[in-house]
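All chains are named by letter (A, B, ...) in the order of the sequence lines, taking the proteins before the strands, and each is independently numbered beginning at 1.
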Protein chains: 2
Amino acid sequence: MSGTLDERSWSVLHATVTGYIRMAVPVGSRAVNRLFGLSYSPATIRNVMADLEEEGYLTHPHTSAGRVPTAKGFRYFVDNSAFSKQTDFPDSSPLASFLDVVLDEASPLDLLEVLSSIMNLVARMTNYTAIVMEPGTRSEERLLSFEIIPVGEKHLLAILVTDTGAVYKRTVLLPEGFRSKEIMYLGDLLNTSSRNSPLSEIREKLVGEMEFLGEAYRETFQHLFFHHRTPEMKLFRTSRFAEMPEFSDASVLHAIMEVFEEKAALLEIFEDLVAQGGVSVQIGSENPIPGLQPCTLVSIPLVNGDVWLGSVGLVGPVRMQYDQVIPIMHYLSGRLNLWIEKTLPPNSHSLI
Amino acid sequence: MSGTLDERSWSVLHATVTGYIRMAVPVGSRAVNRLFGLSYSPATIRNVMADLEEEGYLTHPHTSAGRVPTAKGFRYFVDNSAFSKQTDFPDSSPLASFLDVVLDEASPLDLLEVLSSIMNLVARMTNYTAIVMEPGTRSEERLLSFEIIPVGEKHLLAILVTDTGAVYKRTVLLPEGFRSKEIMYLGDLLNTSSRNSPLSEIREKLVGEMEFLGEAYRETFQHLFFHHRTPEMKLFRTSRFAEMPEFSDASVLHAIMEVFEEKAALLEIFEDLVAQGGVSVQIGSENPIPGLQPCTLVSIPLVNGDVWLGSVGLVGPVRMQYDQVIPIMHYLSGRLNLWIEKTLPPNSHSLI
DNA sequence: TTTAGCACTCTGTGTTATTGAGTGCTAACA
DNA sequence: TGTTAGCACTCAATAACACAGAGTGCTAAA
């Protein structure tokens, strides 16, 4: 990135950003001088601020207003603050003890629920909106169990379990003249012959074998067996946005709410950040979704080697309390990924 | 309720309410006269409006403003408009053909998904927020299948299926020194001996029998078997609220968003309305949740005899397009409940 | 190099005047 | 007697204006 700031510029930038985060209004030279006890006078600070503005770290809503950090200013602040390197986290934190309990007794096969309960807490601690995302279909998902259960006279309920802990269910009406036995036989066959085979392989095999079945059988069976797994997303405390001054404009707020109702775009962001690993901070327009550009997204991927299992994130205003959020997310990244690494075999989605 | 309005008063009330729904601003006597071609002059309309105000159907934000309907005014409007009695619905509607397709191939065991896809469409058609609610634990839920699947060396995955189509899963770490065989044996036993027994009965039996098991076994098994089912709620298009003029006040909007993040209160409302049956319209303060009082909730319970399977609702501003929403919900109530009645045995949650 | 001082700029607020929509009342009318 | 035209009155919303205050940029002094 661009050059490094000297000591004095950095302390002014730091104070300006911190002040803006706290007050949510443009910060003037006097405020920086007083609030942060800088040993420079307001006049000096004004000079420094003018320089910082020229270099693009600050802006000016209008002549007689204080300074507001730009995305570049926030970026420099985040990259150079101590909290971004901080690796320790107080064991006494409620989060730490919560994780102790949850991670001890839970399994990565129940990842969505585990992450949900954790991020629910994190959302409450930080007062920002939390996101939990789990990807859809996984490449080498393998069949653990396929059970067809007759329900009543005319219905079949299929339960498909894969080694990632995913459970699919579907109910179908048995077509007129069909015996449930026949379909159940197919199910049993599959269950014993293909246990532990990748779903993709079973799919191909089935398509081949099913040529010999009647159309109606084939359709019913396919309906029971072929599921596509959609990504799962959960949100916590989206209502917080309605309280923040930067979202008092209804159209801005509306745009954000719409982003939250459409998981595809968020999924893409999380996918893109997997390779990066660790804590990603996307400030303002650094993220590609237009509606989300007045926001900052702090997120971490959960991986087992090079297999992506899911991601969690926090969304708040650009004026986010980075010094609180980033250490929390760092800590979460460490604990969760360690837990996954310890529990799952290397590079696997599953416990096998 | 209070008395019946004479012909003229009713036409003025009708025009005022309709006008207010359309314009979202107080409606004056001239507007009523012009927009609705009433044969009375503005002066006469003013007299009638004054009477309606005295009787509590209209209010007055301030002297020189037009009239705004009160909750009582909306209530009278809803109760006496033709659309509330209308029973037919165009077969050509996208909703009708959508239901034709969905209800034909789906089963009430997948109720949550069925209702979700329908209400997603309804939310888009009406531009209001849709809610799908499914109650939690059901009294006489019976066991269909309980399977314990070993995953890897040290984990067990339990899948419990009940006759309502509910599927529970949980993964546990096998305690040190345990053999998965032993626990699986318990599972098998349960599966063959207790299939079709109510969960409550199995629970009691197990608690009795498990006295003889060691503490650790008991705990592990209980962890696998005892789930409590929490109510499920899904929301569609909550972002719409951010666009409506009556919710431009951030604190009002925030209160509503918070209601949507807490399913307990909504669940209670839906539960209370089950007995009433059919289409319930709760206008403004008629619903008991404070944050939701600037809204109207139009909802229908889905029942099989006296068994409640779930509810769906639409939430919008009090100034809702009742003439569009109520017929839709009437139609939905009819189609869905008929579908349930045809598919499920009488007074049952399930297909058995 | 830093800082005090000062003129200047611009938003936000409070004041006032004005406009216009809408009412309530009264008197005329059918 | 019910309906309507006319008119004075009320009050929110808007615009115009002055003014205070916060904050800047520049200059000159320390």
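Between Thr63(B) and the phosphate of dC9(D), there is no side-chain N or O to OP1/OP2 separation shorter than 4.0 Å. Phosphate proximity of dT10(D) to Ser64(B): absent, as no side-chain N or O sits under 4.0 Å from OP1 or OP2.
Separating the OH atom of Tyr40(A) from the P atom of dT3(C) is a distance of 9 Å, rounded to the nearest angstrom. Between Arg30(B) atom CZ and dT23(C) atom C1' the separation is 11 Å, expressed in whole Å. Protein atom CG of Asn33(A) is 12 Å distant from nucleotide atom P of dG23(D), rounded to whole Å. Going from atom CG of Asn47(A) over to atom P of dT27(D) covers 12 Å, rounded to whole Å. Taking atom CG on Leu58(A) and atom C1' on dT24(D), their separation rounds to 14 Å, with Å as the unit. Computed from coordinates, the His60(A) NE2 to dC10(C) P distance equals 10 Å when rounded to whole Å. The interatomic distance linking Glu54(B) (CD) with dG24(C) (P) rounds to 11 Å, in whole Å. Atom CD1 of Ile45(B) is separated from atom C1' of dT23(C) by 13 Å (rounded to the nearest Å).
The shortest non-hydrogen separation linking Pro61(A) to Val68(A) is CG-CG2, 4.0 Å.
Listed nucleotides dG25(D), dC10(C), dA5(D) differ in distance to Ser41(B); the shortest reach to its side chain belongs to dA5(D). Of the candidates dG25(D), dT3(D), dT3(C), the closest approach to any side-chain atom of Arg8(B) belongs to dT3(D).
Residues Ala65(A) and Ser39(B) each lie close to DNA chain D; by heavy-atom proximity, the contact nearer the 5' end of the strand is made by Ser39(B). Between Thr44(B) and His62(B), the residue anchored nearer the 5' end of DNA chain D, judged by the nucleotide with its closest heavy atom, is Thr44(B).
Below 30°, between 30° and 60°, or above 60°: for Phe77(A) and Trp10(A) the angle between ring planes is between 30° and 60°, a tilted geometry. Note on ring orientation: taking the six-membered ring where Trp is involved, the planes of Phe74(B) and Tyr20(B) are tilted (angle from 30° to 60°).
Side-chain atoms of Arg67(A) stay outside donor-acceptor range of the base of dG25(D), with no qualifying N/O pair under 3.5 Å.
Remark: Arg8(B) qualifies as a cation-pi partner of Tyr40(B) under the 6.0 Å distance and 45° angle criteria applied to the six-membered ring.
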> Given the rule in the ring pair (Phe, Tyr, Trp, His ring centres under 6.0 Å) test, do Tyr57(B) and Tyr76(B) qualify, once you have shown the distances and angles that lead to the verdict?
Replying inline: CA-CA 8 Å; Tyr57(B) 295 101; Tyr76(B) 193 95; 5.5 Å; yes
